[in-house]
Amino acid sequence: MKSAVETLNPTRVRLTVEVPFEELKDSLDAAYKKINDQVTVKGFRKGKIPARVIDQRFGRGAVLEEAVNDALPKFYTEAVNEGELNVLGQPEVDIKELKDGELLSFTAEVDIRPVIEIPDYTGIEVTVDAVGVSDEDVDKSVDELRERFASTSAVERAAAEGDVVTIDLEAKVDGEVLEDGVASDVQYTIGSGELLEGIDEAVTGLEAGGEATFTSQLKGGTAEGKDAEVSVKVTQVASRELPDLDDEFAQMASEFDTLEELKADSRKRLGSMKQYDQATQAQERVLDELLKLAEVPIPEKLLEDEIKTRKHNLEHHQLGQMGLDLPKYLEIQGKTEEEFDEETKEQAVKGIKTQFILDELVNKEKLNVNQEELTEHLMRRAQSSGMSPDQFAQAVVEGGQVPMLVGEVARGKALAVVVEAAKVTDTNGEVVDLQDDDETDEADETAEAAEASSDETATEAAADTAADDDKPETKTEG
């Protein structure tokens, strides 16, 4: 077999392959055997039909077609390996010449990973938000905890903001009561904004037994998006009573004996959260600067697949779970479809560039992933997926996704290398030290977020496993 590589552009090549006919012998034998097992010819036992009879009855062309389809993946793979190509996705194969007994010639166009020059990233400088926990932050945190321990008691007065009212609701559209538009004994905190628009104004000022009617656009159900006439009846008004801010509250709401100890713990916890947010912000900004420095050609087909995958995952998974479709989502977001498409494309480009650059860094820095790092990453992914570690691990192994997870960890380590070399200062001008035990984990998560919006992006599927695709797509001239 002879092969040659022609570069069409930085992300696509054309392979020209010539195969001497004798190298098709194994595939021809397999083709005759397959046809033998599938057909019956009078006068011959099944599986014992001579090749010349098959050629006469079914045509030599059918045998050659079967043999070529069987042999193409092997010869294509040999040509890829000979050319030392890092291919992406399936090739477009065009059979140029097939001379029985002489020669098979074909071309294969396929996307490849571009050659990337890793820029000097040691001069990257970014600024992040300063970490600081104010007394107001602590008070807000304690107040939120206090809200969770609030009690209610029925009162004989008009409802006011902050009260909890028990209500019955009935919604009509075009004068007809909706099947799913009736609800009883609904508890609602006035001012929370958790029900229909207009409900606060309708119930404020009503006592138990009071009724009101208002018009509101329905947020869900069979008449979602339509204006409905809603009747509401208040059956009870209850006031919310917050516990006193004292040591007794601290003992009830936490493991601490005093309010001061509770506040001190809140301050420490908020500080840790802000430090984590600061580290994540630093990594995101360092990554953005790295992407600006590197020239990364994007394969058109890979980008097209990535965009399709992102849109599919949003429409059929994320929005579906929220009971929304794409038009409704765009309306809520205040975006046009053109703006959404452009934003999706930008995200896809960033994801592909991120993966290409970090993978190149993994190779350049010779970064490896050990079992402990992979296990920790698997645990985090399992937690975010809502599955147990054992269930997630089983799904990963059965789906052949272990290499994908290894790649994610390795890219996280590559980003950590860049962050370590960068100069990070906060808005107060202080140098930020990100050297802690969680840096690689945070970088791992930041790299994942930049790469994709889901666990099954086209980038991961194509870029990580494309070289193992089963069969090329073929077309024959003439």
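When reading the values below, keep in mind they use all heavy atoms of this one structure, side chains included, and skip hydrogens, waters and symmetry mates. These figures come from a predicted structure and were not determined experimentally.
- Classification of E408 and R381 as a salt-bridged pair holds, one side-chain N sitting under 4.0 Å from a carboxylate O.
- Contact record, F356 with V296: CD1-CG1, 3.8 Å, taken as the closest heavy-atom pair.
- Of the possible polar contacts, none joining the S27 side chain to the V68 backbone as a donor-acceptor pair under 3.5 Å is found.
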- request: Would you sort out whether F392 and L405 count as a side-chain contact (heavy atoms from CB on, under 4.5 Å), showing the intermediate values?
  value: CA-CA 12 Å; F392 187 79; L405 289 188; 4.2 Å; yes

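- The number of heavy atoms from other shown groups lying within 6.0 Å of CD (E300) does not exceed 12.
- Around CD of E117, the count of heavy atoms belonging to other residues, nucleotides or ligands within 6.0 Å does not exceed 12.
- Under the 3.5 Å distance criterion, the side-chain polar atoms of T7 are left unmatched by any main-chain donor or acceptor of N9.
- Q275 CD to L434 CG: the interatomic distance, rounded to the nearest 0.5 Å, is 10.0 Å.
- Within a 6.0 Å radius of NZ in K423, no more than 12 heavy atoms belonging to other residues, nucleotides or ligands are found.
- By the 4.5 Å heavy-atom criterion applied to side chains, F106 and L72 are counted as neighbours.
- Counting heavy-atom neighbours within 6.0 Å of E197 CD, excluding the residue itself, gives a total of 12 or less.
- Side chains of L104 and E18 form no contact here, defined as non-hydrogen atoms less than 4.5 Å apart.
- Here the side chains of R113 and D359 are in contact, with some heavy-atom distance below 4.5 Å.
- Salt bridge status for K263 with D265: absent, with no side-chain N to carboxylate O gap under 4.0 Å.
- Between R240 and E147 there is a salt bridge, since a side-chain N of the basic residue sits under 4.0 Å from a carboxylate O of the acidic one.
- Nearest approach of E360 to I116, heavy atoms of both residues: CG-O, 3.9 Å.
- Looking at D135 and R267, a side-chain N of the basic residue comes within less than 4.0 Å of a carboxylate O on the acidic one, giving a salt bridge.
- Looking only at distances, no side-chain donor or acceptor of R411 sits under 3.5 Å from a matching main-chain atom of Q355.
- In this structure, L218 CG and D227 CG are separated by 8.0 Å, a value rounded to the nearest 0.5 Å.
- The shortest heavy-atom contact between P119 and L290 is CG-CD1, 4.2 Å.
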- request: Walk me through it: do V19 and L103 pass the test side-chain contact (heavy atoms from CB on, under 4.5 Å)?
  value: CA-CA 6 Å; V19 183; L103 180 74; 5.8 Å; no

message: Walk me through whether D200 and L195 qualify under side-chain contact (heavy atoms from CB on, under 4.5 Å).
response: CA-CA 9 Å; D200 290 336; L195 278 180; over 6 Å; no

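- Paired with D341 under the rule salt bridge (Lys or Arg N to Asp or Glu O under 4.0 Å), one option of R310, K311, K308 passes, and it is K311.
- Atom CZ of residue F149 and atom OG of residue S254 lie 8.5 Å apart, to the nearest 0.5 angstrom.
- Listed for the E420 side chain is no donor-acceptor partner under 3.5 Å among the backbone atoms of V418.
- With a 6.0 Å radius and a threshold of 12 heavy atoms from other residues, nucleotides or ligands, K74 has its NZ atom above the threshold.
- Within a 6.0 Å radius of CE in M387, other residues, nucleotides and ligands contribute more than 12 heavy atoms.
- A salt bridge does not link D111 to K301: none of the charged side-chain nitrogens sits closer than 4.0 Å to a carboxylate oxygen.
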task: Assess whether side-chain contact (heavy atoms from CB on, under 4.5 Å) is satisfied between E78 and F75, documenting all intermediate values.
output: CA-CA 5 Å; E78 288 181 10; F75 294 129; 4.1 Å; yes

task: Just do the side chain to side chain donor-acceptor pair (under 3.5 Å) check on D180 and T222 with the steps written out, would you?
output: CA-CA 7 Å; D180 55 354; T222 58; 3.1 Å; yes

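- For K140, there are no salt bridge (Lys or Arg N to Asp or Glu O under 4.0 Å) partners two or more places apart in sequence or in a different chain.
- Between L361 and I118 there is a side-chain heavy-atom pair separated by less than 4.5 Å.
- If you take CD1 on I190 and CD1 on I199, they are separated by 8.5 Å, rounding to the nearest 0.5 Å.
- P243 has its side chain within reach of M252: a pair of non-hydrogen atoms, C-beta onward, lies under 4.5 Å apart.
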message: Walk me through whether D390 and S388 qualify under side chain to side chain donor-acceptor pair (under 3.5 Å).
response: CA-CA 5 Å; D390 288 344; S388 72; 5.5 Å; no

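- Counting heavy-atom neighbours within 6.0 Å of E339 CD, excluding the residue itself, gives a total above 12.
- By the 6.0 Å contact criterion, NZ on K364 is enclosed, its count of non-hydrogen atoms from other residues, nucleotides or ligands being greater than 12.
- For the pair D426 (side chain) and D129 (backbone), a donor-acceptor distance under 3.5 Å is absent.
- Among all heavy-atom pairs drawn from L358 and A414, the shortest one is O-CB, 3.7 Å.
- In this structure, the side chain of Q394 does not engage the main chain of Q391 through any donor-acceptor pair within 3.5 Å.
- L314 approaches Q318 most closely through the heavy-atom pair CA-OE1, 3.3 Å.
- The closest side-chain heavy-atom distance from V432 to T425 is not below 4.5 Å.
- Note: T344 OG1 to E337 CD = 10.0 Å, rounded to the nearest 0.5 Å.
- Under the 3.5 Å distance criterion, the side-chain polar atoms of S192 are left unmatched by any main-chain donor or acceptor of Y188.
- In terms of modelled atom types and a separation under 3.5 Å, the side chain of N428 and the main chain of E430 share no donor-acceptor contact.
- Between the side chain of S141 and the main chain of D137, no donor-acceptor pair closer than 3.5 Å is present.
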field: Verdict with supporting geometry, E144 and R146, salt bridge (Lys or Arg N to Asp or Glu O under 4.0 Å)
entry: CA-CA 5 Å; E144 288 173 354; R146 192 181 175 205; over 6 Å; no

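- Taken to the nearest 0.5 Å, the CD atom of Q371 stands 10.0 Å off from the CD atom of E373.
- Of the charged side-chain nitrogens involved, none lies within less than 4.0 Å of a carboxylate oxygen, so that D288 and K292 do not count as a salt-bridged pair.
- A side-chain donor-acceptor contact under 3.5 Å links K413 to the backbone of N368.
- Across all non-hydrogen atoms, the minimal contact from P114 to T11 is CB-CG2, 4.1 Å.
- Taking 4.5 Å as the limit, some side-chain heavy atom of Y76 sits within range of a side-chain heavy atom of V87.
- The closest side-chain heavy-atom distance from M1 to E23 is below 4.5 Å.
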